[in-house]
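Predicted model, so just to flag it, every value in this text is computed and none were measured. Below, each value reflects all heavy atoms present in this structure, side chains not excepted, and no hydrogens, waters or symmetry copies.
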Amino acid sequence: MPASNRRQFLVIGATVFTGIAGGLAWNAARGDSPALSGGRPPAPTPAPASTATSAIVEARSRMTGLLALAEAAGADPALLGAHRAHLTALVSGSPGTRPSTSPGSPLPTPGSAIDVGDDPARELIDAERSAAEALVETTPGATGTDALVCGSLAAFCTAAAEVVEDGGEIGMPGTGALSTTDDVTAMQQVVAQCHAAVFAYQRLLGLVPRSDDEPILAALERYRSLRDELSGELVDRGAAAPAAEAGYLVPDEPQETDRVIESGLLPYLGQWLQATNTESDRDRAATMLSESTLRAVRAGATLPAWPGWPDPA
């Protein structure tokens with residue numbers, strides 16, 4: 001897609017986020033839709049002090065062992081830096097603020113030596129995936145910022161296994177809390193992004209051979225389903241479901257579309273995960289966050305150290 005077209009992308013939704021790999025997903029061809037206009041969500045505010053909930057305790061235990069294994073396996077410095085930032089946040093009083101790593105503050109270590117065996121990379125890949133599975137199961141039982149922290153770690157570990165196995169880049173850890181919003185606004189913003197995704201994948205169907213359309217059809221169904229589910233729930237709660245724009249400026253290539261769409265969705269999924277009040281929605285949001293992070297990385301995006309926060313590339 002020509003660079004001049006990329007610069008034309010406007011921001012979907014009421015919030016301007018900076019997504020990984022060069023900005024938000026896609027952007028409306030016009031910005032006057034009542035469904036997509038309005039004030040910005042509140043500015044980032046410090047999360048309340050954590051009381052080390054069971055979810056955070058579980059995450060801390062998982063990440064302690066994972067960091068030790070990554071160090072023993074001689075992992076890439078970027079992966080080590082991300083995992084050190086994760087553990088630094090988890091041992092702090094307020095993990096949702098993602099405090100910066102302090103060299104003078106020792107991190108917890110496992111009680112026994114780590115054996116990486118004859119294939120350290122495989123041990124690390126398996127450990128990342130095991131941690132991701134455990135954290136995805138933990139996330140729905142947490143609430144607010146703790147749910148976002150656990151869901152973000154699960155998403156990172158899911159995609160980190162892919163990076164260790166097949167290569168890829170990991171971004172620098174960011175710091176600070178996520179902008180807060182209410183659950184209705186968070187759902188509306190996800191719906192707005194789903195409209196753009198549906199438009200993009202429908203357009204791609206006309207640009208690729210029929211033999212290559214299976215992954216595009218799967219992505220289209222994924223976003224149609226989420227859009228329809230959340231729209232119905234918004235209406236049931238007496239809230240407006242955002243309408244689709246008449247058109248969107250989107251990439252022409254499938255891989256770039258995947259990268260841009262999935263990367264741009266991550267901060268909105270993070271807000272939804274933090275804001276929602278039900279376990280079922282936390283489960284949906286955490287699962288989508290992990291899936292979108294993995295799809296973005298497979299399409300060539302940089303893996304953010306904290307998926308779900310709008311850190312710059």
Side-chain angles (χ1 to χ4, degrees), residues 17 19-20 41 44 47-48 50 52-63 66 82-83 85-90 92 94-98 128-163 170-171 173-183 185-187 189-190 193 222 226 229-230 262-297 301 303-311:
F17 281 122
I20 58 175
S50 172
T53 62
S54 60
I56 295 299
V57 170
E58 168 70 16
R60 187 166 59 206
S61 174
R62 287 280 176 178
M63 300 312 293
L66 192 53
H83 279 326
H86 298 153
L87 194 52
T88 296
L90 290 167
S92 73
S94 186
T97 64
R98 302 178 302 158
E128 294 281 0
R129 287 177 175 151
S130 177
E133 291 172 3
L135 289 162
V136 164
E137 292 180 1
T138 299
T139 300
T143 58
T145 299
D146 285 352
L148 173 59
V149 168
C150 292
S152 180
L153 292 175
F156 179 89
C157 292
T158 297
E162 193 91 357
V163 170
I170 297 175
T175 60
L178 180 68
S179 298
T180 56
T181 189
D182 61 274
D183 61 332
T185 301
M187 291 167 66
Q189 290 175 344
V190 173
Q193 292 289 301
R222 180 175 184 248
L226 184 61
E229 289 171 7
L230 293 186
E262 305 298 347
S263 297
L265 188 64
L266 299 183
Y268 295 96
L269 291 173
Q271 278 202 328
W272 181 32
L273 177 55
Q274 183 183 50
T276 186
N277 298 313
T278 68
E279 284 198 20
S280 60
D281 274 357
R282 284 192 290 273
D283 183 54
R284 281 194 297 175
T287 299
M288 288 289 294
L289 184 60
S290 287
E291 290 177 353
S292 288
T293 302
L294 182 58
R295 286 172 62 89
V297 167
L303 170 58
W306 291 98
W309 271 269
D311 291 330

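With respect to the salt-bridge test (charged N to carboxylate O, under 4.0 angstrom), the residues R129 and E133 do not qualify. For E262 and R222, the salt-bridge test passes: some basic side-chain N is under 4.0 Å from an acidic carboxylate O.
S152 places a side-chain heavy atom less than 4.5 Å from the side chain of W309. The shortest distance between side-chain heavy atoms of V136 and T139 does not fall below 4.5 Å. A heavy-atom distance below 4.5 Å is found between the side chains of R284 and D281. Residues M187 and T181 are not in side-chain contact: their nearest non-hydrogen atoms beyond the backbone lie 4.5 Å or more apart. Looking only at side-chain heavy atoms (C-beta outward), W272 and L230 come within less than 4.5 Å of each other. T145 is not listed as a side-chain neighbour of P95, based on a closest heavy-atom distance of 4.5 Å or more. In this structure the side chain of T158 never reaches within 4.5 angstrom of the side chain of L135, judged on heavy atoms. A 4.5 Å side-chain heavy-atom check between Q271 and L148 finds every atom pair outside the cut-off.
Distance check: T88 OG1 to H83 NE2 gives 12.5 Å after rounding to the nearest 0.5 Å. With rounding to the nearest 0.5 Å, the separation of CZ in R295 from OG in S290 is 13.5 Å. In this structure, the separation between OG on S61 and CD1 on I56 is 12.5 Å, given to the nearest 0.5 Å. If you take SG on C157 and CG on L303, they are separated by 9.5 Å, rounding to the nearest 0.5 Å. The distance from atom CD of Q193 to atom OH of Y268, rounded to the nearest 0.5 Å, is 4.5 Å.
Between the side chains of D183 and T276, not a single donor N or O lies within less than 3.5 Å of an accepting N or O. A donor and an acceptor atom, one from each side chain of S280 and D283, are nowhere located under 3.5 Å apart.
Heavy-atom minimum distance, G308 versus L178: O-CD1, 3.8 Å. Pairing each heavy atom of A59 with each of L153, the nearest pair is CB-CD1, 4.2 Å. When all heavy atoms of V190 and L226 are compared, the closest pair comes out as CG1-CD2, 3.9 Å. The shortest heavy-atom contact between A131 and R62 is CA-CD, 4.3 Å. Scanning both residues, A132 and A154, for their nearest heavy atoms gives CB-O, 3.6 Å. Contact record, L266 with T293: CD2-OG1, 3.5 Å, taken as the closest heavy-atom pair.
Looking at T138, its side chain does come within 3.5 Å of a backbone N or O of A134 through a donor-acceptor pair. Side-chain atoms of H86 come within 3.5 Å of backbone N or O of A305 as a donor-acceptor pair. Using modelled atom types, one side-chain atom of R282 and one backbone atom of A142 make a donor-acceptor pair closer than 3.5 Å.
Applying the salt bridge (Lys or Arg N to Asp or Glu O under 4.0 Å) rule to R98 yields the partners D311; only residues at least two apart in sequence or on another chain are considered. Listed by chain and number, the residues in a salt bridge (Lys or Arg N to Asp or Glu O under 4.0 Å) with E279 amount to none (sequence neighbours excluded).
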| task | Take E291 and L294 through the side chain to side chain contact (heavy atoms under 4.5 Å, CB included) test and state the conclusion after the steps. | result | CA-CA 5 Å; E291 290 177 353; L294 182 58; 5.9 Å; no
